[in-house]
Visitor: 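Take this structure, written in structure tokens, and hold onto it; I'll ask about it next.
Proteins come first, then strands; the chains are lettered A, B, ... in the order of their sequence lines, and each starts at number 1.
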2 protein chains.
Amino acid sequence: MDKTARIAIVERAKLFAGLPPETLSEAAETAQVRVVDKGDVVFRQGDEAGHHFIVAWGRLRLDQTTPDGKNIVLRFMGPGDLVGSVAVWRKVPYPATPLAVEETRLLVWSDARMMELMQAHPPLAMKAMNMMGGRIEELQERLQQVATQQVERRIAATILKIAGQSGRKTEAGVEIPFALSRQDLAEMTGTTLHTVSRTLSGWIDEGILEGRRSSHLVICRPHRLVEISEQA
Amino acid sequence: MDKTARIAIVERAKLFAGLPPETLSEAAETAQVRVVDKGDVVFRQGDEAGHHFIVAWGRLRLDQTTPDGKNIVLRFMGPGDLVGSVAVWRKVPYPATPLAVEETRLLVWSDARMMELMQAHPPLAMKAMNMMGGRIEELQERLQQVATQQVERRIAATILKIAGQSGRKTEAGVEIPFALSRQDLAEMTGTTLHTVSRTLSGWIDEGILEGRRSSHLVICRPHRLVEISEQA
DNA sequence: GGCGCGATTTGAGGTAACGCAAACCGTCTG
DNA sequence: CAGACGGTTTGCGTTACCTCAAATCGCGCC
């Protein structure tokens, strides 16, 4: 990947959005590139944290395993998203495992390099706090959902959020352009595979969704899903 | 409150921990002081965010109200904790309401002042990110708990966490030194007042806790609570 | 094409936790 | 001290969701 391509990626990353060209250029120059095959991980929960990553293209699923062996999906991440930084700044082991659900390319900076960049360009640090703040708000919202809403609403809201950040418009409706299993949805919403399957089956019967027994979900009637996600 | 007192508070705040005395002094000089009576709020969810607060003494409960009128308790905050900063940095309205559960004194900086401090003292920004990272990890842990564990475990874990950050040792055991209602615990663990009451009653019968029908909980057998919070 | 594997669907039964309702008890007020 | 009030306790019926179990289907592989 040449420098121009790297700059293009850096430009798109939320972390660098709106910063002056010199900053982008300097950031791009000091980045390494890393490719992760579908099914492989960028790093593992518990590894010592030493690098910041930005997704150039592809898609990651951020998993967290509990001491008693259960797994939850914290979020999906796509181009422009920042991976690993929280742990690096805190100097603690990575608290989760990002797994590539499709072939993914990332830009990589060492802890030291990123630190230099931040010292040299204070707005970078502000941006970073901004992004972390976004994560906090997102987590608070999800916590609130899991704590107070029933399963059907949570599943609807989760599908809508994913569609909002990764959906592609097609003739049939909004398509989620990667393999999102019922198990994934269960682990995002704090329920079981079976309950998700039942719920989706119902929605497919009602014509709200398409994607029976297969890979890619298509939302045919987003409006209905919104209603469900907001129903009292 | 004189300058020496303010410096002492600033010194204790995690945000400033370990920074050089000049920084502390400068921060302390530019701070305002604000007192909030028990039952009053520092600001309200939805207000425009313009100020950073650090708790000097006292205790706050951070509440979030959902569109459909439900309430959840995000966390309790005590001396040294940072309030409101996430929203200020993101330039979004405050996402939650901090309510004083006892008379509370805070140091206040305007957005602009804090920005100046951060620009002048880069380590401050690093500390801030560190703290935000801590919040993210805490939220991820709670999300995982609510999503995968059953109510009894969640209540046990929540009481232990609160005891860990605010508990005081007494002859009878570890006391939680402020009024923590069953309703509060319910709103922290994503369950109902009734279920919390039943669960605590059981534990009190078993001698794990004290505090029947009254203000301050005392943990008599922390070890048992830990077991419950980890039980398969 | 036949086989086997993993993901999904669907059924049936059980239960943790909710929702409603009533009683209870400190505490503050007049 | 009577009375009212807010937090708590407890009982009981209900239910949303889980758990266990089995059938079904798509897909890659030989």
Side-chain angles (χ1 to χ4, degrees), chain A residues 38-39 61 68-73 99 101 145-156 158-159 176 178-206 208-218 228 231-232, chain B residues 38-39 61 68-73 99 101-102 145-159 176 178-206 208-218 228 231-232:
Chain A
K38 178 173 176 176
R61 189 186 70 204
D68 50 310
K70 281 173 185 160
N71 202 57
I72 73 167
V73 175
L99 180 142
V101 294
Q145 286 177 0
V146 179
T148 68
Q149 300 175 359
Q150 52 192 49
V151 169
E152 196 176 39
R153 283 184 70 172
R154 306 203 304 258
I155 298 174
T158 301
I159 291 177
I176 291 172
F178 58 94
L180 175 68
S181 73
R182 319 283 142 141
Q183 181 70 39
D184 292 338
L185 280 170
E187 288 177 1
M188 291 191 81
T189 52
T191 180
T192 62
L193 161 64
H194 309 275
T195 299
V196 172
S197 180
R198 270 180 253 273
T199 307
L200 294 198
S201 288
W203 290 343
I204 291 168
D205 289 346
E206 294 176 43
I208 297 173
L209 293 180
E210 279 174 19
R212 202 175 263 293
R213 198 181 280 283
S214 98
S215 28
H216 293 200
L217 278 182
V218 179
I228 293 170
Q231 97 208 159
Chain B
K38 178 174 176 174
R61 189 186 69 206
D68 51 308
K70 281 175 185 160
N71 202 55
I72 73 167
V73 176
L99 181 141
V101 295
E102 49 190 61
Q145 286 177 0
V146 180
T148 68
Q149 300 174 358
Q150 53 192 47
V151 170
E152 196 176 39
R153 281 185 73 172
R154 306 204 303 258
I155 298 175
T158 302
I159 292 177
I176 291 173
F178 59 95
L180 175 69
S181 73
R182 319 283 141 140
Q183 182 71 37
D184 291 339
L185 279 170
E187 288 177 1
M188 291 191 81
T189 51
T191 181
T192 62
L193 162 63
H194 310 275
T195 299
V196 172
S197 180
R198 270 180 253 274
T199 306
L200 294 199
S201 288
W203 290 344
I204 291 167
D205 289 346
E206 293 177 43
I208 299 173
L209 293 179
E210 278 174 20
R212 202 175 265 293
R213 196 180 283 281
S214 100
S215 28
H216 293 201
L217 278 183
V218 179
I228 293 169
Q231 96 210 160

Visitor: I want to verify a distance call: between C:dT8, C:dT10, C:dA17, whose nearest atom is closest to the B:Val151 side chain?
Guide: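 Closest of the options to the side chain of B:Val151: C:dA17.
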
Visitor: Please tell me if B:Ser197 has a side-chain N or O lying less than 4.0 Å from either OP1 or OP2 of D:dT10.
Guide: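 For D:dT10, OP1/OP2 do not have a side-chain N/O of B:Ser197 under 4.0 Å.
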
Visitor: Name the nucleic acid region contacted by B:Arg212, choosing base, sugar-phosphate or nothing; use a 4.0 angstrom heavy-atom cut-off, strictly under.
Guide: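 Sugar-phosphate, no base atom in range.
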
Visitor: For the CD atom of B:Gln149 and the CD1 atom of B:Ile155, what is their distance to the nearest 0.5 Å?
Guide: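 Here the rounded value is 12.0 Å.
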
Visitor: Could you state the atom-to-atom distance from CD1 of B:Ile204 to P of C:dC25 in whole Å?
Guide: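 Roughly 15 Å, once rounded to whole Å.
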
Visitor: Measure CD/A:Glu187 against P/D:dC18 and give the value in whole Å, please.
Guide: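 So the two atoms are 13 Å apart, to the nearest Å.
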
Visitor: Would you say C:dA17 has OP1 or OP2 under 4.0 Å from some side-chain N or O of B:Thr195?
Guide: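 For C:dA17, neither OP1 nor OP2 has a side-chain N or O of B:Thr195 closer than 4.0 Å.
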
Visitor: Does C:dC18 have OP1 or OP2 sitting under 4.0 Å from an N or O in the side chain of B:Thr192?
Guide: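 Yes, such a contact exists.
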
Visitor: Could you give the CZ-to-P distance, from A:Arg198 to C:dA7, as a whole number of Å?
Guide: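 After rounding, the gap between these two atoms is 18 Å.
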
Visitor: Report yes or no: is there a donor-acceptor pair, N or O only, under 3.5 Å between the side chain of A:His194 and the base of C:dT10?
Guide: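 Under the 3.5 Å cut-off, the side chain and the base do form a donor-acceptor pair.
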
Visitor: Considering only D:dC17, C:dG11, D:dT9, which nucleotide approaches the side chain of B:Arg213 most closely?
Guide: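 Output: D:dT9.
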
Visitor: Would you mind telling me which of D:dC18, C:dT8, D:dA16 lies closest to the side-chain atoms of A:Gln150?
Guide: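 When the side chain of A:Gln150 is considered, D:dA16 is the closest of D:dC18, C:dT8, D:dA16.
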
Visitor: Can you find a heavy atom in the side chain of A:Thr195 that is under 4.5 Å from one in the side chain of A:Thr189?
Guide: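 Contact flag for A:Thr195/A:Thr189 side chains = no.
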
Visitor: Can you find a heavy atom in the side chain of A:Leu200 that is under 4.5 Å from one in the side chain of A:Ile159?
Guide: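 A:Leu200 vs A:Ile159: side chains touch.
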
Visitor: Side chain of B:Ser201, heavy atoms from C-beta onward: which of C:dA12, D:dA16, D:dT9 has the nearest atom to it?
Guide: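 The listed nucleotide nearest to B:Ser201's side chain is D:dT9.
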
Visitor: Can you find a pair of side-chain heavy atoms, one from A:Gln231 and one from A:Arg153, that are under 4.5 Å apart?
Guide: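 A side-chain contact under 4.5 Å exists here.
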
Visitor: With rounding to the nearest 0.5 Å, note down the distance linking OG1 in A:Thr192 to CD in A:Gln183.
Guide: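 One gets 9.0 Å once the value is rounded to the nearest 0.5 Å.
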
Visitor: Let me know the distance between CD of A:Gln149 and C1' of C:dC18, rounded to the nearest Å.
Guide: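 Going from A:Gln149 (CD) to C:dC18 (C1'), I get 16 Å.
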
Visitor: What is the distance, to the nearest angstrom, from the CG atom on A:Leu200 to the P atom on C:dA7?
Guide: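 A:Leu200 atom CG is separated from C:dA7 atom P by 16 Å.
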
Visitor: In whole angstrom, give the distance that lies between atom CD of B:Gln183 and atom P of D:dC5.
Guide: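 To the nearest whole Å, that distance equals 19 Å.
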
Visitor: Determine whether A:Asp205 and A:Arg212 make a side-chain contact, defined as any pair of heavy atoms from C-beta on separated by less than 4.5 Å.
Guide: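 Touching, per the 4.5 Å side-chain cut-off.
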
Visitor: How large an angle, rounded to 10°, do the end axes of the helix from C:dG1-D:dC30 to C:dG30-D:dC1 enclose when each is built from five base pairs?
Guide: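 End-to-end axis angle for the helix from C:dG1-D:dC30 to C:dG30-D:dC1: 30°, rounded to 10°.
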
Visitor: Tell me, do A:Leu185 and A:Leu180 make a side-chain contact under 4.5 Å, heavy atoms counted?
Guide: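 A side-chain contact under 4.5 Å exists here.
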
Visitor: Calculate, to the nearest 0.5 Å, the distance between atoms CH2 and CD belonging to B:Trp203 and B:Glu152 respectively.
Guide: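 If I round to the nearest 0.5 Å, the distance is 5.5 Å.
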
Visitor: To the nearest Å, give me how far apart CG (B:Asp184) and P (D:dG6) are.
Guide: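 After rounding, the gap between these two atoms is 16 Å.
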
Visitor: Assign A:Arg182 to base, sugar-phosphate, or nothing according to its heavy-atom contacts below 4.0 angstrom with the strands shown.
Guide: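 The residue A:Arg182 makes sugar-phosphate contact but no base contact.
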
Visitor: Rounded to the nearest angstrom, tell me the gap between atom CG in B:Leu193 and atom C1' in D:dG7.
Guide: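 Nearest whole value for this atom pair: 8 Å.
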
